[in-house]
Amino acid sequence: MIFKHSAGLWYNRPAMINLDQLNAQQRAAVTAPLGQVLVLAGPGSGKTRVLTQRIAYLIEEMGVRPHNILAVTFTNKAAREMQHRLQSLLGDDSQGVWLGTFHANCARILRREAQYLSFDHNFVIMDSDDQQALVKRAIRELNLDEKLYRPTSIHAAISSAKNNLITPADFPTQSYRDEITKRIYERYQILLRDSNAVDFDDLLLETVRLLVDNPQVRERYARRFEHILVDEFQDTNLVQYELLKLLGSVHSNLFVVGDEDQSIYRWRGADYRNVLRFEQDFPDCLKILLEQNYRSTQTVLDAARAVIDRNKHRTRKHLFSERGMGERLVLYEAVDEHAEAAFVVDTIQQWVTSGKARGSDFAVMYRTNAQSRLLEEAFLRAGLPYRLVGALRFYGRREVKDLICFLRLVHNPDDEVSLARVINVPPRGVGEKTMVALQLAARQANLTAGQLLIELGEQGERSAHWGRFSGRSLLPLADFGSLLAGWRRAAAEGLSLPGLFDRILLDTAYQEYIDDGSNEGKERWDNVQELRRLGYEFREGGLTAFLENLALVSDQDTLPEEAGNAATLLTLHAAKGLEFRFVFIIGLDEGLLPHARSKDDPEEMAEERRLLYVGITRAKDRVYLVRAQQRSQYGGPEIQEPSRFLEDLPDSLIQRQGQRRQRERWESPESLALRTRRFSAAQAQTSAALIEPRFHPTDRVRHPVWGEGIVMESRIQDGDETVDVFFESVGFKRLVASLANLELLPKT
DNA sequence: AAGGCCCTTCTTTTT
DNA sequence: GAAGGGCCTT
């Protein structure tokens, strides 16, 4: 071993890499010679372990300086996890490794090399909402029909072009629609740059462009990164692949780890064929298969394999486990989505009550975020704790986004998207007309709208632009301008991030604006406070670091690290890289998994299959596959067909649970729905700890004495629920729910 | 300019 | 079954 520090310190070192703990294949990967290494790692085969051990090996055994290592992951979560593991493996020796997502690493490079770029270093990063708004704006500016050219679909086309290194100039125009898309793309790029902004895709694309156009810059980075390691290589897209080649153009020590079978981001440009491309581009690369699974029982693996082996064009792997056969997978067919959720919750509760499992041993996975709502309700009713990954859309909340946009404006007044969003928040009399006047005046003065506003605010009547606006629009604009100018001055004079935050809240009377005293108002204000708390963590790094973090950290990353005793609810996509003793996969119906939108495209269908594969292979011990015979998709209930993937599972691996009986013929869907609701309500009454009100305003209820009434209000008080009801017979009554024996009636 | 109401439309997954 | 857009009124 090479100790680079004084000998007296060696015993303070954390445990060092121990090759004996690895199996032969893992060891071969960790200790592979210089050059290109392709590790095809099945699920649960110790992929992350191999990656971190490899880095440790490079540093400890090969004497590589951390500074010369670049490690790229796909998600922030994975980056954090690896950072953590490196820290415990290497201690401070892990400092200096460039570790992060593709996007974060690119943002870092772009900010450093701003002098070579067409935007300056304090650029903002537009998230999907912003991008959408900008595409819409481009479409409007070109006087196009939004119905015909939907911002979502145009944006998808632009994004896909960017992921394939296609600039507006190169955009292929085989149809009239392509022609239009190309023009929108051009306009969109101009709008972005005028705002001194880049979008997610630009982070990668502009970095590639930077490295291609500036050989000396490329040389500098390529020289520096002696070793490049990539996680989830199957999910890289063309731009990312190019980027790796550019950054590796001097040393070409590329260590990539991936699994074609777990490629689930095709829709985002990911191309698992990059694995094949890699083998072609580097014919001498060392290829290592990790096939021993340390996670699941053999039955789980067999089931997963039965699903995935139907896919073509892949390296077949023969996953094996030494954990024994284990139990068969349970298949449960519920009558509808309510019963589906009830089955999940009941089953978890039984396991937990039996003492054989803890809540945190369970995960419930689904195809679409919309499916989480019923589950949440069922968990709440049962008093079972859960944590929900993503879907919270914390950053998508209006109040959160508003404040981020104020901050973005302070940071970069040219940001038109943010300006358009908050110039009238709270309402100060700036409408469409005023915005048009502002933009016109700005264009004539050759300023951005934000710059013009700041000048109005700073100079007041002395400004040359003062006379440009009519009386009606002038004051609100000058008003906002002086706010913005004041914030910028304060920030420049060193006001801390929390201080700035508070000043913005105060100046805009934001609390009065969003907190109207209702429950929702209170919640909105809580969200603001939560954002402030996040900002507090960045009081050192300042505004730039905070905004960059907000842009690059997704809702998926807001998952509380400590699960406590809570079960995890998450999409199949979000489940990748995680493991749980018990896995429920719900919604195994045609149209949902596989999703209806993948029906016509074999490639997409193959990806749906991989999604299920990823889900099943998350399980250590048990898998529950759940579906519903009937489901309310949108509006009315619809009969569901079982997922085609269920047919691929041999009976020997499956144990059916519950009745498969179809509804009795004479029972109408309406009465069935009614029965299910009664069942749910009855269940609610028996459930334990009250977390959420059972009654809500406008609910109809029946009291044993006073008869039917309407709920006016309900709240949790001292662990019980206090309900205000207006009864037809006696009028207004305030009741304690646990004593009053109220019956919840079906909605009419 | 702003708020309210009714209409349509659409729902995949996320850095 | 929600969210956004269009159209209405104030």
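The analysis underlying the following values was restricted to heavy atoms, covering all of them including side chains, and did not include hydrogens, waters or symmetry mates. Below, chain A is the first sequence line, B the second, and so on; all start at residue 1. Just so it is clear, the structure is predicted and the values come from calculations on it, not from any experiment.
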Distance (rounded to the nearest 0.5 Å) between [X] [atom1] and [Y] [atom2]:
| X | Y | atom1 | atom2 | result |
| --- | --- | --- | --- | --- |
| Arg610(A) | Met605(A) | CZ | CE | 12.0 Å |
| Ser372(A) | Leu569(A) | OG | CG | 7.0 Å |
| Thr236(A) | Phe102(A) | OG1 | CZ | 6.0 Å |

Can you measure [X] atom [atom1] to [N] atom [atom2] for me and round it to whole angstrom units?
| X | N | atom1 | atom2 | answer |
| --- | --- | --- | --- | --- |
| Gln240(A) | dT15(B) | CD | C1' | 8 Å |
| Arg397(A) | dA3(C) | CZ | P | 11 Å |
| Asp127(A) | dT14(B) | CG | C1' | 11 Å |
| Ile264(A) | dT14(B) | CD1 | P | 9 Å |
| Asp231(A) | dT15(B) | CG | C1' | 14 Å |
| Asp201(A) | dT14(B) | CG | P | 16 Å |
| Glu607(A) | dT14(B) | CD | C1' | 12 Å |
| Gln371(A) | dT11(B) | CD | C1' | 11 Å |

Does a salt bridge link Lys147(A) with Asp145(A), judged by any charged N lying under 4.0 Å from a carboxylate O? no
Salt-bridge criterion met for Glu604(A) and Arg597(A) (N-O under 4.0 Å):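 Not counted as a salt bridge, because no side-chain N and carboxylate O are separated by less than 4.0 Å.
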P atom, dT13(B) versus dG4(C): distance in rounded Å?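 The answer is 16 Å between these two P atoms.
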[N], OP1 or OP2 - any side-chain N/O from [X] closer than 4.0 Å?
| X | N | value |
| --- | --- | --- |
| Asn369(A) | dT13(B) | yes |
| Thr571(A) | dT14(B) | yes |
| Arg150(A) | dC10(B) | yes |

Is Arg111(A) positioned over the aromatic face of Phe123(A), cation under 6.0 angstrom from the ring centre and no more than 45 degrees off axis?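 Judged by the rule, Arg111(A) and Phe123(A) form a cation-pi pair.
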What nucleotide, of dC10(B), dT13(B), dT11(B), holds the atom closest to the side chain of His573(A)?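 That would be dT13(B).
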Nearest listed nucleotide, side chain of His595(A), among dT11(B), dC10(B), dT14(B):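 Minimum distance to the His595(A) side chain belongs to dT11(B).
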Would you say whether Trp267(A) stacks on dT13(B)? The test is a distance between ring centres of less than 5.5 Å and an angle between planes of less than 30°.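 Yes, Trp267(A) stacks on the base of dT13(B).
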What about Tyr510(A) and Tyr513(A), are their ring centers closer than 6.0 Å?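 They qualify: ring centres under 6.0 Å apart.
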From the options Asp201(A), Asp199(A), Thr167(A), select the one residue that forms a side chain to side chain donor-acceptor pair (under 3.5 Å) with Lys162(A).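 Of all the options given, the one that passes is Asp199(A).
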Examine the side chains of Asp261(A) and Asn311(A) and answer whether a donor and an acceptor come within less than 3.5 Å of each other.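 Judged by distance alone, the side chains do not pair up.
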Consider only side-chain N and O atoms of Asp231(A) and Thr73(A), and report whether a donor and an acceptor are under 3.5 Å apart.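 There is no such pair between these side chains.
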Show the distances under 3.5 angstrom between N or O atoms of the protein and N or O atoms of nucleotides 1-8 of chain B.
residue, atom, partner, partner atom, Å
dA1(B), OP1, Gly431(A), N, 3.1
dA1(B), OP1, Thr434(A), OG1, 2.9
dA2(B), OP1, Gly429(A), N, 3.1
dA2(B), OP2, Asn424(A), ND2, 2.8

Using a 4.0 Å heavy-atom cut-off across all strands, classify Arg373(A) as base, sugar-phosphate, or nothing. sugar-phosphate
Counting the atoms with a prime plus P, OP1 and OP2 as sugar-phosphate, which does Phe102(A) contact under 4.0 Å by heavy atoms, base, sugar-phosphate, or nothing?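 Phe102(A): no heavy atom of the nucleic acid under 4.0 Å.
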Just the atom pairs and distances: protein N or O near nucleotides 4-10 of chain C's N or O, under 3.5 Å.
residue, atom, partner, partner atom, Å
dG5(C), OP1, Lys136(A), NZ, 2.6

